[in-house]
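Just so we're on the same page: letters track the sequence lines, and every chain starts at 1.
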Amino acid sequence: MPELAEVEFYRTQWNDGLGKKVLRVALHGDKRIFRGTDVEGLERVLAGSVLKSSEARGKQMLFRFTKDAWLGLHLGMTGKLTTAPADHAPAKHEHLVLFQKERALVFEDMRQFGRVHFHQGKEAPAWWAEIGVAPNDPEFTLELMRAFLARRPKLTVKAVLLVQEGFPGIGNWMADEILWRAGIQPARLVRDLSEEASARLWKETRYVAREALKKIGKKFGDPPKGWLFHERWSRKGVCPKHDTPLERATIGGRTTAWCARCQPS
DNA sequence: TACTCTGTTGAATA
DNA sequence: TTATTCAACAGAGT
């Protein structure tokens, strides 16, 4: 579930803990979300450190602590960040809990497609610096997007929108929303896009990213009325513009919904 | 009961 | 190097 805007929303859920010390760390260190992570170091260093700040880039989040400690989080498909009372007992899927005096900062992830990174150093970890420019960033220019498309000519447009190096933060529902608004058939190959079509793709990518951030990033909830979002889940979904039934297929390995009338080619 | 579906992604294979 | 497929996981729905 968590795409660009939802990630931003979840990031802010730990804001109450900013400037406060972590007294104790509870975690399920054998879970998949910790794969490749120095769990022992994470536990030892974060206990006694103070949460200083946080930032989101695409679907990634980075929390900065004192002691030069950095906690990177990815929510996968079912990850959530919440807070709980200080005496909270971690539930089955609450794999990482940072206890502070007044509250517990909770990371839960039922299906464990998410990920926890721990890093200690003056600078942010290398993987963080390498994240691409997200569509809500002013640096996400038409030229930048076209340069990325040029390297993926044989992907379908639907598939290319899901490649995080080029479109950080875009996930399945946002991709469908963008293509519907841009009037592009999702199974179209990238190399067959006209100049005009790629310009529309760029414009709508930015629009959907910014609007979603505005509406969902602040206060969790559904996108505005009239978005394809509200129709694409249901078997009986119809195009918000013409009420024509939506087409459905697996494209780029993912369930895809589109309107044959709005997106003929 | 058993089988299918799911908003992610990254490893293995071609 | 780039594209495709499948598995990791847990639960809900049919």
* To do: Round to a whole Å and report the spacing from CG of A:L149 to C1' of C:dT2.
  => 15 Å

* According to a strict under-4.0 Å criterion, is A:K59 in side-chain N/O contact with OP1 or OP2 of B:dT9? -> yes

* **Residues A:D16 and A:T83: side-chain donor-acceptor under 3.5 angstrom** => no

* Asked: With no hydrogens and no angle check, is any side-chain donor or acceptor of A:N172 less than 3.5 Å from a backbone partner on A:T255?
  -> yes

* Asked: Out of C:dT2, C:dA8, B:dT8, which has the shortest distance to the side chain of A:R32?
  -> C:dA8

* Answer with yes or no whether the side chains of A:H28 and A:E94 bring together a donor and an acceptor at under 3.5 Å. => no

* To do: Mind checking the CG-CZ spacing from A:L193 to A:R188? Nearest 0.5 Å is all I need.
  => 6.0 Å

* Asked: To the nearest angstrom, how far is A:I170 atom CD1 from B:dT8 atom P?
  -> 11 Å

* Given a cutoff of under 4.5 Å between side-chain heavy atoms of I, L, V, M, F, W and Y, with clusters grown through shared members, what are the other residues clustered with A:I131? -> A:L62, A:W70, A:W127, A:W128

* Kindly state which residues belonging to residues 108-118 of chain A come within less than 4.0 angstrom of DNA chain C, counting heavy atoms of the residue only, listed by number. => A:M110, A:R111, A:Q112, A:F113

* To do: Please determine, for the side chain of A:T255, which listed nucleotide (B:dT9, C:dA3, B:dT6) has the closest atom?
  => B:dT6

* Asked: Considering only the P atoms, how many Å lie between C:dA12 and B:dT9, rounded to the nearest integer?
  -> 23 Å

* To do: Return the value, rounded to whole Å, for the distance between atom NZ of A:K92 and atom C1' of C:dC9.
  => 11 Å

* Structure fact -> The reported gap from CG in A:L96 to CZ in A:F34 (rounded to nearest 0.5 angstrom) is 5.0 Å

* Asked: If you measure from the P atom in B:dT4 to the same atom in C:dC6, how many Å do you get, rounded?
  -> 14 Å

* Hey, does the Lys NZ or Arg CZ of A:R181 hover above the aromatic six-ring of A:W227, less than 6.0 Å from the centre and inside 45° of the axis? -> yes

* Taking atom P of B:dT9 as reference, at what distance in whole Å does atom CD1 of A:I33 sit? -> 15 Å

* Asked: Is there a side-chain polar atom (N or O) of A:K158 under 4.0 Å from OP1 or OP2 of C:dA3?
  -> no

* Asked: When you check the phosphate oxygens OP1 and OP2 of B:dT9, does a side-chain N or O of A:Q164 lie under 4.0 Å from one of them?
  -> yes

* Round to a whole Å and report the spacing from CZ of A:F34 to P of C:dC9. => 15 Å

* A:H93 has a side chain; which of C:dG11, C:dC9, C:dT4 sits nearest to it? -> C:dG11

* Asked: For the pair made of CG in A:D30 and P in C:dA8, what is the distance, rounded to whole Å?
  -> 17 Å

* Using the six-membered ring wherever Trp is involved, compare the ring planes of A:W14 and A:F63 and label them parallel, tilted or perpendicular (cut-offs 30° and 60°). => tilted

* To do: Using the ring of A:W180 (Phe, Tyr or Trp, six-membered ring only), decide whether A:K241 places NZ or CZ under 6.0 Å from its centre and within 45 degrees of its axis.
  => yes

* Asked: Which nucleotide, C:dT4, B:dT8, C:dT2, lies nearest any side-chain atom of A:R151?
  -> C:dT2

* Kindly express the pairing pattern of DNA chain B in dot-bracket notation, using | wherever a base pairs with another strand and counting only Watson-Crick or G-U pairs under 3.5 Å. => .|||||.|||||||

* Round to the nearest Å and state the distance from A:M77 atom CE to B:dT9 atom C1'. => 10 Å

* Would you mind reading off the distance between A:L155 atom CG and C:dT4 atom P, rounded to a whole angstrom? => 6 Å

* Asked: Quick one: do A:R200 and A:E204 make a salt bridge, cutoff under 4.0 Å?
  -> no

